[in-house]
Protein chains: 2
Amino acid sequence: MKITKLAKGISLKRPLEGGNEEQLKIVRQVLADVRAQGDSAIRTYTEKWDGFAPDNLRVTKAEIEEGVEAIDAQLFADLTEAAHNIRVYHEQQKRSGYRLELADGSWLGQRITALDAVGLYVPGGTAAYPSSVLMNVIPAQVAGVKRIVITSPAGRDGKLPAGVLAAAHILGVEEVYKIGGAQAIAALAYGTETIQAVDKITGPGNIYVALAKREVFGEVAIDMIAGPSEIAVIADETAFADEVAADLLSQAEHDKMACAILVTTSEQLAHGVALEVERQLATLPREEVARASIENFGAIYIAETMSDAVEAINSLAPEHLEIVTKNAEAVAEQVRHAGGIFIGRYSSEPVGDYFAGTNHVLPTNSTARFASGLNVDDFVKKSSIVYYTEKTWATNAPKIARLARMEGLEGHARAVESRGWEKE
Amino acid sequence: MKITKLAKGISLKRPLEGGNEEQLKIVRQVLADVRAQGDSAIRTYTEKWDGFAPDNLRVTKAEIEEGVEAIDAQLFADLTEAAHNIRVYHEQQKRSGYRLELADGSWLGQRITALDAVGLYVPGGTAAYPSSVLMNVIPAQVAGVKRIVITSPAGRDGKLPAGVLAAAHILGVEEVYKIGGAQAIAALAYGTETIQAVDKITGPGNIYVALAKREVFGEVAIDMIAGPSEIAVIADETAFADEVAADLLSQAEHDKMACAILVTTSEQLAHGVALEVERQLATLPREEVARASIENFGAIYIAETMSDAVEAINSLAPEHLEIVTKNAEAVAEQVRHAGGIFIGRYSSEPVGDYFAGTNHVLPTNSTARFASGLNVDDFVKKSSIVYYTEKTWATNAPKIARLARMEGLEGHARAVESRGWEKE
């Protein structure tokens with residue numbers, strides 16, 4: 001890894017994959033076909049792209065049980081414990097609305113209600129991600145969402161990965177479909193004969209899935225379009241080079257576009273980490289991916305002071321931030337922008353990816369300046385309530401009418417003034 | 001207004017104005033020019049489209065004072081009182097994070113922090129909307145946003161409307177620019193020599209502003225793209241036809257695409273409202289707009305039961321909902337989807353547009369199924385925090401490593417396992 005002196009204006013930003021015209025054209029065709037023809041279009045595209053001809057789009061109870069049985073008992077227990085931890089953390093986020101009493105018997109309110117139905121897209125392909133099932137479904141369950149649907153592309157054998165089915169089973173999700181790609185997003189957004197439409201779609205996917213989510217946005221809600229993973233580490237001379245290197249590589253192995261950055265006040269650590277990254281890369285199964293990431297988007301910066309280091313992090317606004325320094329908690333207090341913060345040597349970032357309880361769906365590409373990780377608030381909406389009594393109305397109607405007229409909206413003024421004649 | 005029996009599947013949806021290719025091309029050019037040339041591009045476009053050549057893009061203190069003096073004292077007091085009410089309502093939404101103690105000294109946290117900087121776009125044109133300034137700025141202030149910027153197109157005299165300046169003054173906002181259109185959105189998103197970039201842009205605008213907001217989304221956060229206004233009224237025989245008609249017209253006068261719907265269990269009220277709408281339209285200053293809206297998107301439905309009426313409303317998910325019935329509060333309890341709910345005869349919808357304290361930026365086009373009105377949460381973001389002690393790490397590292405390996409991510413497993421060797 002390249003080592004440089006920290007200067008102002010370091011950046012995480014990589015070009016975002018926006019898809020090309022041809023891909024967008026395909027996605028729009030798929031969306032239109034599913035909207036018009038429903039299940040039959042889903043079957044056609046599944047056969048074409050996923051290589052199997054589904055009789056039932058919906059996974060049966062027997063298939064879910066088969067998945068549960070196929071998974072190692074220890075792993076099943078680990079997943080169950082992780083689910084518990086995630087639920088406990090997210091339960092703290094549950095909120096209720098409020099009622100604010102005004103004078104004369106009037107009141108205002110805010111009501112918070114869960115979405116009716118949400119759909120989670122789970123990508124297929126080389127790796128199955130049961131942890132994604134936990135991270136997306138649990139906040140929705142805690143919010144009180146009644147109907148939760150999972151959809152994921154099956155393999156050529158027409159089956160979903162056992163880990164995904166087991167995770168669904170652990171959470172009690174029974175509505176699971178073997179549909180992938182843009183056709184899955186279309187089914188969730190518009191509904192078909194088999195699948196009722198949902199109100200929000202979450203979960204990552206390939207470029208076709210991402211484009212389809214953008215297209216249906218507005219018709220339904222979507223979560224963020226996630227970019228490649230990022231990790232930044234702030235460390236001083238108390239950190240161990242091999243541990244910091246291993247953590248940088250844990251994100252680098254995700255994606256050739258992933259980004260791993262160390263900002264340190266210790267020149268010795270900087271050189272140690274650079275050496276360790278090389279040494280560890282050599283034996284990493286996903287070496288090719290991790291090496292490309294490190295070469296293109298990896299960097300080590302030497303900062304003069306810890307406060308320079310923190311300032312650099314605030315301008316990066318990274319998805320994941322580890323703080324391995326003296327008084328790490330105090331350093332963390334000065335960080336304004338980061339999706340997830342991991343404090344101290346034992347809080348290795350994968351702890352949060354799988355198990356601790358925090359969510360692993362976090363804002364990428366410096367959007368932690370304004371965006372948050374997936375949380376319970378993403379699955380509720382708020383309604384405001386106004387209740388005015390006759391007396392409150394009588395006191396305030398002239399003011400409201402004046403304000404409306406200032407804005408040239410006579411109809412608004414007249415509506416407010418229309419009350420209170422003696423009609424009864 | 002047309003009166004029909006309520007049947008399943010009534011809908012609010014109107015075609016959304018998405019802009020055409022030519023408009024998108026112009027917007028992209030403006031964004032690119034401002035990004036490359038900063039202030040000078042802003043000046044060029046302002047002269048071209050707003051018809052004045054600005055010396056200073058920023059409004060001076062003297063200009064703000066001039067605006068305050070130009071406004072009627074009574075109106076200034078009304079605006080001040082409205083601002084107070086809005087602040088009191090939104091202060092209830094302020095939240096803090098939490099800290100969750102785990103076993104062995106470990107803990108998890110959620111930290112909630114305000115955005116650093118937000119920009120509010122205030123449209124110019126025929127009407128000035130001081131109420132928009134209040135509704136967008138106050139939630140950001142309550143959230144704790146330190147830098148709040150307002151930008152709005154000036155008239156050909158190079159001045160902003162007195163009402164907008166007075167509202168800014170009441171709220172203590174001092175950074176105000178005379179810039180409109182896509183060039184304003186570009187300035188807020190990218191920054192120029194004069195204007196520092198912000199993290200989030202809110203506020204409505206014309207099609208160029210809406211397209212520009214969509215284009216910069218991701219680089220900065222944006223609020224929803226608002227559609228035309230909507231009102232739905234549930235009423236029974238206790239409602240007064242002239243009041244219901246006046247309230248329907250208060251939204252119809254906003255826009256030819258606005259939508260006004262009455263669902264009632266009383267046939268007599270249905271006919272009364274239809275007659276009253278005609279009668280009141282005849283004297284409304286914005287008759288032409290309101291008439292087009294009522295003719296194209298206005299409707300009266302007669303429901304057999306109140307529960308049918310509520311079900312229809314839940315499928316509409318309207319922006320504004322008035323409930324003028326016996327036991328109106330109990331009826332409101334059954335409503336699952338509505339942006340803002342107004343209970344009882346004296347809670348005419350404009351009460352919430354200007355004065356009561358609730359926000360008037362509400363989800364349109366049936367998005368109340370999944371979206372909320374503007375609120376304090378829109379101006380904060382959340383970071384998760386993990387702190388694991390050595391003991392917690394030692395207990396859980398094997399589980400985390402197994403979960404990582406199940407997903408094929410060996411680097412994640414090794415990162416977690418890299419701790420705990422005796423190095424000290």
Side-chain angles (χ1 to χ4, degrees), chain A residues 75 78 89 92 98 108 115 127 129 163 199-200 221 240 242-243 246-247 249-250 253 284-285 338 340-343 346-348 350-352 354-358 369-370 372-373 381-388 390 393 399-400 402-404 406-408 410-412 414-416 418-419 423, chain B residues 75 78 89 92 98 108 115 127 129 163 199-200 221 240 242-243 246-247 249-250 253 284-285 338 340-343 346-348 350-352 354-358 369-370 372-373 381-388 390 393 399-400 402-404 406-408 410-412 414-416 418-419 423:
Chain A
L75 268 175
D78 295 338
Y89 178 76
Q92 300 280 333
Y98 58 89
L108 304 176
L115 305 195
Y129 292 122
D199 298 308
K200 182 163 190 166
F240 292 90
D242 62 327
E243 299 175 4
D247 288 3
L249 289 174
S250 78
E253 76 169 346
L284 203 62
I341 301 172
F342 298 79
I343 298 178
Y346 292 101
S347 309
S348 174
V351 162
Y354 292 107
F355 193 79
T358 53
R369 286 185 294 117
F370 52 75
S372 309
K381 69 302 197 283
K382 303 149 207 159
S383 302
S384 60
I385 307 177
V386 174
Y387 173 70
Y388 257 29
E390 181 175 5
W393 167 82
K399 307 169 195 169
I400 300 166
R402 278 194 296 265
L403 289 166
M406 168 173 59
E407 296 192 353
E410 177 67 21
H412 285 59
R414 291 185 189 176
V416 174
S418 71
R419 271 63 178 178
K423 299 173 197 168
Chain B
L75 268 174
D78 295 338
Y89 177 77
Q92 300 280 331
Y98 58 89
L108 305 177
L115 305 194
Y129 293 121
D199 298 308
K200 182 163 188 166
F240 292 90
D242 62 327
E243 298 174 7
D247 288 4
L249 289 174
S250 78
E253 78 170 344
L284 205 61
I341 301 172
F342 298 81
I343 298 177
Y346 292 101
S347 308
S348 174
V351 161
Y354 291 106
F355 193 79
T358 53
R369 285 185 296 116
F370 52 75
S372 309
K381 60 327 195 264
K382 303 148 207 162
S383 301
S384 60
I385 307 177
V386 174
Y387 173 71
Y388 258 29
E390 180 174 8
W393 167 82
K399 306 169 195 169
I400 299 166
R402 279 194 296 267
L403 289 167
M406 169 173 61
E407 296 192 352
E410 178 66 22
H412 284 57
R414 291 185 188 174
V416 174
S418 71
R419 269 64 179 179
K423 298 173 200 168

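FYI, side chains are in, hydrogens and waters are out, and symmetry mates aren't considered; it's all heavy atoms of this structure.
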Region of A:L284 in contact with chain B, defined by heavy-atom distances below 4.5 Å: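 Its backbone and side chain both get close to chain B.
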At a 4.5 Å cut-off on heavy atoms, which part of A:K382 comes close to chain B: side chain, backbone, both, or neither?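 Answer is both: backbone and side chain atoms of A:K382 are under 4.5 Å from chain B.
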Any donor and acceptor pair, going by atom type alone, linking the side chain of A:E253 with main-chain N or O of B:H412 inside 3.5 Å?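 Yes, the answer is positive, given that a donor and an acceptor are paired below the 3.5 Å cut-off.
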Is a donor on one side and an acceptor on the other found under 3.5 Å between the side chain of B:S250 and the backbone of A:G411?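 Looks like no, no N/O pair under 3.5 Å.
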Pick one of side chain, backbone, both or neither for B:K399, based on which atoms fall under 4.5 Å of a heavy atom in chain A.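 Its backbone and side chain both get close to chain A.
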Indicate the atoms forming the closest heavy-atom contact of [X] with [Y], along with that distance.
X: A:Y387; Y: B:I343; result: CD1-O, 3.2 Å
X: B:R402; Y: A:L75; result: O-CD2, 3.7 Å
X: B:G357; Y: A:L108; result: CA-CD1, 4.3 Å
X: A:V416; Y: B:V351; result: CG2-N, 4.3 Å
X: B:L115; Y: A:R369; result: CD2-O, 3.5 Å
X: A:S383; Y: B:I341; result: CB-CD1, 4.4 Å

If you tally heavy-atom pairs under 4.5 Å against chain A, which of B:A246, B:G352, B:G373 wins?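 The residue among B:A246, B:G352, B:G373 with the greatest pair count is B:A246.
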For chain A, the option from B:T358, B:D199, B:L249 that forms the most heavy-atom pairs under 4.5 Å: B:D199
Results of side-chain hydrogen bond (donor to acceptor under 3.5 Å, both in side chains) for B:Y354 - residues two or more places apart only: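 Once residues adjacent in sequence are excluded, the partners of B:Y354 under the side-chain hydrogen bond (donor to acceptor under 3.5 Å, both in side chains) criterion are A:E407.
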Partner set under ring-ring contact (aromatic ring centres under 6.0 Å, His included) for B:Y89, not counting sequence neighbours: A:Y98
Relative to chain B, which of A:R414, A:K381, A:E410 shows the most heavy atom pairs under 4.5 Å?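 Among A:R414, A:K381, A:E410, the one with the most close pairs to chain B is A:K381.
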Would you indicate whether the side-chain heavy atoms of A:R419 and B:D247 approach each other to under 4.5 Å?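 B:D247 vs A:R419: side chains touch.
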